[in-house]
Amino acid sequence: MSNATISIQLPDGSVREVARGTTPYDIALSISPRLAAAVVVARIRPLATTAVTATAADEPSEEAMYGAAVSGERLVDLAAPLTEDVALELLKENDEAALRVVRHSAAHVMATAILELFPEAKLGHGPATDSGFFYDIYRETPFTEADLAAIETRMAEVVARDEKFVREEESREAGLAEYQAKGEFMKVHFIERFTHAGETISLYRNGGFVDFCRGPHVPSTGRVKAFKLTSVAGAYWLGDEKNQQLQRVYGTAFFNGKDMEAHFKRLEEIKARDHRVLGRQLDLFSIQEVAGAGLIFWHPKGGLIRKTMEDWMREECIRRGYDMVFTPHIMRRELWKISGHDGFYGQNMYPPMELDDAEYRLKPMNCPGHILIYKNSPKSYRDLPARYAELGNVYRFERSGTMHGLLRVRGFTQDDAHIFCTPQQIEGEVAACIEFAESVLKTFGFEEFKVELSTWDPNDRKSYVGSEENWLFASGSLKKVLEAKGIPYREIPGEAAFYGPKIDIKLVDVLGRMWQLSTVQFDFNLPQRFELEYKGEDGELHRPVMVHRALFGSVERFFGVLIEHYAGAFPFWLAPVQVGLVPISEKHLEYAQRVKATLEAAGVRVELDTRNEKMNAKIRDFTLQKVPFVLILGDKESGSGSVSVRTRGKGDEGSVALESFLERTQALQAAKGVAL
RNA sequence: GCCGAUGUAGCUCAGCUGGUAGAGCAACUGAUUCGUAAUCAGUAGGUCAGCGGUUCAAAUCCGCUCAUCGGCUCCA
């Protein structure tokens, strides 16, 4: 191979020898002009093994954004001269990574528009996100809706100008000096943080706009074909609320208008299954302004679902060897001082209530209560493991902008349990917890979930309580259990609580969104603070190991997720009204009453619509309430003791004998399945 | 807590640049007695989130408070 040529390997395995400095665009053009027109960006992977370049120190979010891999694989501009032997992939308008490049380019287009309209604005960063892009802007006066519209209009002009994105390089020192002179404090920070002395920095220019940026971009602004600004929100510089507040202008961009339409349609669908919207439509729960933010009122129908969830959970706990306990909602402040919550968790607790005998505080956690039960009598190794479970109401004073329907509230119910055991019992207990968690998710209809193992950062010993031996042992047993069960997990060092490592289970709902619910956590702190003990076989006193575990996590949150997961169309066993009865006319009311009595005697939840409405209206209302079965009752049915069945999602299924319908409901009730 | 937006009947919303409120659905009453997603007519329903201010006059303008929404931050 001569020095003047390099080898380009294409995805089909073929290799081309081209002049050094040839660009991906040149290669696309040599393959076909249509390919050249459709290609957005190129992915290269150096073929030489030593080719791993110094991209490791780049900004983490950018890293995630472009998915840089260990092999030195990276995305480059189509106009980037190729200087080494590479495997080359030309990404067209059907590629996820290419879409992110379009979105990031759209962020540049937006920044261009903003600076043209508001020259005083200072730029932060403008990455692509999962659903679009944003750019952080510092400006004294906040942007208004009208500003957004103006920016969007100007963006369209920038796109129409079809300005080329040109990569330029200059010395880091020159770049820094320029940005410092212009007071671009954020750009200065980024250059200082992500580049090193002596390096060159890359700038991207389109028309009159230049931005310090790693790239890559689409070839020209004209390639940002479909975009829309969606909102503006506050964000702190570097995510620290002590810093100045920036304005984060959000938008989204797509390869074409059709994709964008589909995206907004999907947003509509998500909104239609929003648990806050369905909660009102289906009359499940409410939040009342007079009562206070973040406090949930469970209406009869929501309450019934909750009761079903809780009954199942209690039975399951008992079956699995837990003891159900109850502990008070308020306890003396002294207790919270011993547990440490009064100090390190104090800001999240409701303030103390001054009473005659002492100060009391509302409980934010159930652990101290369970510990007091454990401590109430001396324990021996024969008493372990002790598993105390409670559907405990806790109150946490969440900051006022953070509440969100059922998913983030101030008063909630944890299906909390604390297991006190010997170190030898740990593994078995953790395994049982994980199994239990799987059973919860499966029973409630979630097939997919992700597991995270949070461990400590061994380089930051002082941030964690407990001995190194304990930490290694506990993390090791958590890991062992996951591996023995063949559960894939992600380990996140440094994410553990200060008191112990934990396993979090995040479930994935029908829309692919993740929710953190179940958690299994070790605690080396509380047994020590409360001086928990048990007498071992050896006659000596030992300190038990403590495991916190919540599977629904919070009953409120789990319910919220359930509502969205099913879009309010709950499986038969959970549906608050399982069967709706529609008498065709008043003269069928009597038969309807008899059907109702028969079904109710068998434990079926029935609602009879006695209103003076046409049957069509009644069917419609039950359908909108997502009732699993609607039974139409007229002359034919009352004459033969049958019911005409209309099934949710299926429609009219014709008449069957009342007894056989009843059997069907009994089978569904027992199966707890989703299908009707 | 911070930035921005919003708050009108049970629900979804209209109400222009200030002249003390309107629709559809729901509710109630009556007529209708009906075969698989909305029968017709009538009635009733609102301290326009709350408090304060400007004004002859405030749903509308100003201030504060509360709540909600989208983010930041935080978290079950």
Side-chain angles (χ1 to χ4, degrees), chain A residues 129 134 136 139 141-145 147-148 230-250 271 274 276-277 280-281 283 286-294 345 347-348 364-366 392 394 396-416 497 504-506 515-519 521 548 550-558 560-561 582-589 611-625 630-637 644-647 650-655:
Chain A
T129 66
F134 63 78
D136 279 342
R139 180 171 175 253
T141 21
F143 291 118
T144 62
E145 291 280 310
D147 291 338
L148 273 197
T230 48
S231 68
V232 56
Y236 299 105
W237 169 230
L238 300 178
D240 187 334
E241 61 184 278
K242 290 193 273 304
N243 287 336
Q244 54 271 67
Q245 183 116 23
L246 309 175
Q247 296 185 66
R248 182 165 290 181
V249 185
Y250 284 88
K271 208 180 153 203
D274 186 312
R276 294 165 299 186
V277 174
R280 188 183 303 116
Q281 282 171 0
D283 199 14
S286 63
I287 297 169
Q288 312 268 347
E289 188 175 337
V290 274
Y345 203 73
Q347 327 80 296
N348 288 306
M365 296 187 187
N366 301 300
V394 296
R396 300 183 184 174
F397 192 75
E398 298 294 343
R399 301 164 88 185
S400 67
T402 59
M403 264 74 76
H404 181 92
L406 292 171
L407 301 179
R408 186 74 189 276
V409 295
R410 281 185 174 157
F412 61 102
T413 311
Q414 290 181 307
D415 63 314
D416 207 358
D504 286 328
I505 300 180
K506 307 200 169 193
W515 300 98
Q516 217 259 275
L517 300 156
S518 311
T519 178
Q521 315 188 346
H548 307 255
L551 305 180
F552 287 145
S554 129
V555 175
E556 284 76 5
R557 177 178 288 183
F558 197 87
V561 174
V582 174
I584 288 182
S585 78
E586 249 165 47
K587 64 175 185 249
H588 307 114
L589 253 182
R611 291 175 307 165
N612 181 9
E613 283 288 348
K614 289 187 68 168
M615 63 171 281
N616 282 349
K618 297 182 184 184
I619 290 170
R620 178 168 198 272
D621 288 345
F622 279 129
T623 306
L624 291 176
Q625 287 294 304
V630 177
L631 302 185
I632 316 299
L633 307 169
D635 283 338
K636 268 188 281 179
E637 289 73 22
S644 174
V645 181
R646 194 186 157 91
T647 305
K650 294 179 182 168
D652 187 0
E653 295 191 316
S655 289

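Here is how names work: the chains are called A, B, and so on, in the same order as the sequence lines, proteins then strands, and each is numbered from 1. Note that the structure is predicted; figures quoted are calculated from it, not measured.
A donor-acceptor contact under 3.5 angstrom links the side-chain atoms of A/E637 to the base of B/rG35. A donor and an acceptor atom sit less than 3.5 Å apart, one in the side chain of A/Y236 and one in the base of B/rC2.
If you check B/rU6 for Watson-Crick or wobble pairing at under 3.5 angstrom, you find it paired to B/rA67. B/rA31 is paired with B/rU39 under the criterion used here, namely a Watson-Crick or G-U wobble arrangement in which both key atom distances are under 3.5 Å. Base-pair partner of B/rG45: not found among the strands shown (Watson-Crick or G-U wobble, both distances under 3.5 Å). With both pairing distances under 3.5 Å, B/rC72 is matched to B/rG1 as a Watson-Crick or G-U wobble pair. Base pairing analysis places B/rA59 opposite nothing; no Watson-Crick or G-U wobble pair with both distances below 3.5 Å involves it. As the counterpart of B/rG22, B/rC13 is assigned, both hydrogen-bonding distances of the Watson-Crick or G-U wobble pattern falling under 3.5 Å.
Contact between A/A293 and A/R410 at its shortest, heavy atoms only, is O-CD, 3.8 Å. When every heavy atom of A/F558 is checked against every heavy atom of A/L517, the shortest pair comes out as CD1-CD1, 4.0 Å. Scanning both residues, A/V232 and A/L148, for their nearest heavy atoms gives N-CD1, 4.3 Å. Residues A/Q247 and A/T141 approach most closely at NE2-O, 3.2 Å, considering heavy atoms.
Considering only the side chain of A/P142, B/rG4 comes nearest among B/rC69, B/rG35, B/rG4. Of the candidates B/rU36, B/rG35, B/rU68, the closest approach to any side-chain atom of A/A293 belongs to B/rU68.
Spacing between B/rC62 and B/rA23 at atom C1', rounded to whole Å, works out to 31 Å. Distance noted for atom C1' between B/rA14 and B/rG7: 15 Å (whole Å). For the C1' atom pair drawn from B/rU60 and B/rU54, the interatomic distance equals 14 Å after rounding to whole Å. For the P atoms, the distance linking B/rG70 with B/rC13 amounts to 14 Å, nearest Å. When the C1' atom is used for both B/rA57 and B/rC61, the distance is 13 Å, rounded to whole Å. Rounded to whole Å, the C1' atom of B/rG18 lies 36 Å from the corresponding atom of B/rG42. Comparing the C1' positions of B/rG4 and B/rC51 gives an interatomic distance of 24 Å, to the nearest angstrom. Between B/rC2 and B/rA38, the two C1' atoms lie 47 Å apart (nearest whole Å).
Note on A/H588: nothing from the nucleic acid sits closer than 4.0 angstrom, heavy atoms only. Counting any heavy atom pair closer than 4.0 Å across all strands shown, A/A550 reaches no nucleic acid atom. Within 4.0 Å (heavy atoms only), A/R611 reaches sugar-phosphate atoms of the nucleic acid but no base atom. Heavy atoms of A/A235 sit under 4.0 angstrom from primed sugar atoms or phosphate atoms, though from no base atom.
Taking atom CD of residue A/E289 and atom P of nucleotide B/rA67, one finds them 7 Å apart after rounding to whole Å. Between A/M615 atom CE and B/rU36 atom C1' the separation is 4 Å, expressed in whole Å. Note: OH (A/Y250) to C1' (B/rC3) measures 11 Å, nearest angstrom. Atom NZ of A/K614 is separated from atom P of B/rA31 by 18 Å (rounded to the nearest Å). Rounded to an integer number of Å, the gap from CD1 of A/I619 to C1' of B/rG35 is 8 Å. The CG-P distance, from A/L246 to B/rG71, rounds to 17 Å in whole Å. Atom P of nucleotide B/rC72 and atom CG of A/D240 are separated by 15 Å, given to the nearest angstrom. In this structure, the CG atom of A/D147 is 18 Å from the P atom of B/rC3, given to the nearest Å.
OP1 or OP2 of B/rU36 has not a single side-chain nitrogen or oxygen of A/N616 nearer than 4.0 Å. When the side-chain nitrogen and oxygen atoms of A/K618 are compared with OP1 and OP2 of B/rA38, none of them lie within a distance under 4.0 Å.
Scanning for ring-ring contact (aromatic ring centres under 6.0 Å, His included) contacts around A/F412 gives an empty result, with sequence neighbours left out. Taking the side-chain hydrogen bond (donor to acceptor under 3.5 Å, both in side chains) definition, one finds that A/E613 meets it with nothing, sequence neighbours left out. Residues passing the side-chain contact (heavy atoms from CB on, under 4.5 Å) test with A/D147, sequence neighbours excluded: A/F118, A/R139, A/F143, A/T144.
Residues A/F622 and A/R646 form no side-chain contact, since every pair of their non-hydrogen atoms from C-beta on lies 4.5 Å or further apart. Between A/D635 and A/K587, some side-chain heavy-atom pair lies under the 4.5 Å cut-off.
Looking at A/S231, its side chain never comes within 3.5 Å of a backbone N or O of A/Y250 through a donor-acceptor pair. Side chain of A/Q516 to main chain of A/S518: a donor-acceptor pair is present (N/O by atom type, distance under 3.5 Å, no hydrogens or angles). When atom types are taken as modelled, the side chain of A/R557 and the backbone of A/L407 share a donor-acceptor pair closer than 3.5 angstrom. A donor-acceptor pair under 3.5 Å links the side-chain atoms of A/S554 to the main chain of A/E556, judged by distance alone. Without hydrogens or angle criteria, A/K271 side chain to A/V277 main chain gives no donor-acceptor distance under 3.5 Å.
Rounded to the nearest 0.5 angstrom, A/M615 CE and A/I584 CD1 are separated by 5.0 Å.
If A/G292 and A/S231 are placed on RNA chain B by their nearest nucleotide, the residue sitting closer to the 5' end is A/G292.
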Polar atom pairs (N or O), protein with nucleotides 9-12 of chain B, under 3.5 Å:
from, atom 1, to, atom 2, distance (Å)
B/rU12, OP1, A/R280, NH1, 2.8

I'd like a table of atom pairs between the protein and nucleotides 40-46 of chain B - only N or O on both sides, under 3.5 Å - with the distance next to each one.
none

Please tabulate the protein-to-nucleotide N/O contacts below 3.5 Å involving nucleotides 74-76 of chain B, giving atom names and distances.
from, atom 1, to, atom 2, distance (Å)
B/rC74, O2, A/R408, NH1, 2.2
B/rC74, O2, A/R408, NH2, 2.5
B/rC74, N3, A/R408, NH1, 3.1
B/rC75, O2, A/R557, NH2, 3.2
B/rA76, O3', A/Q516, O, 3.4
B/rA76, O3', A/Q516, OE1, 3.2
B/rA76, O3', A/Q516, NE2, 3.4
B/rA76, O2', A/R557, NH1, 3.4
B/rA76, N6, A/E398, OE2, 3.2
B/rA76, N6, A/R408, NE, 3.3
B/rA76, N6, A/V409, O, 2.9
B/rA76, N1, A/V409, N, 3.2

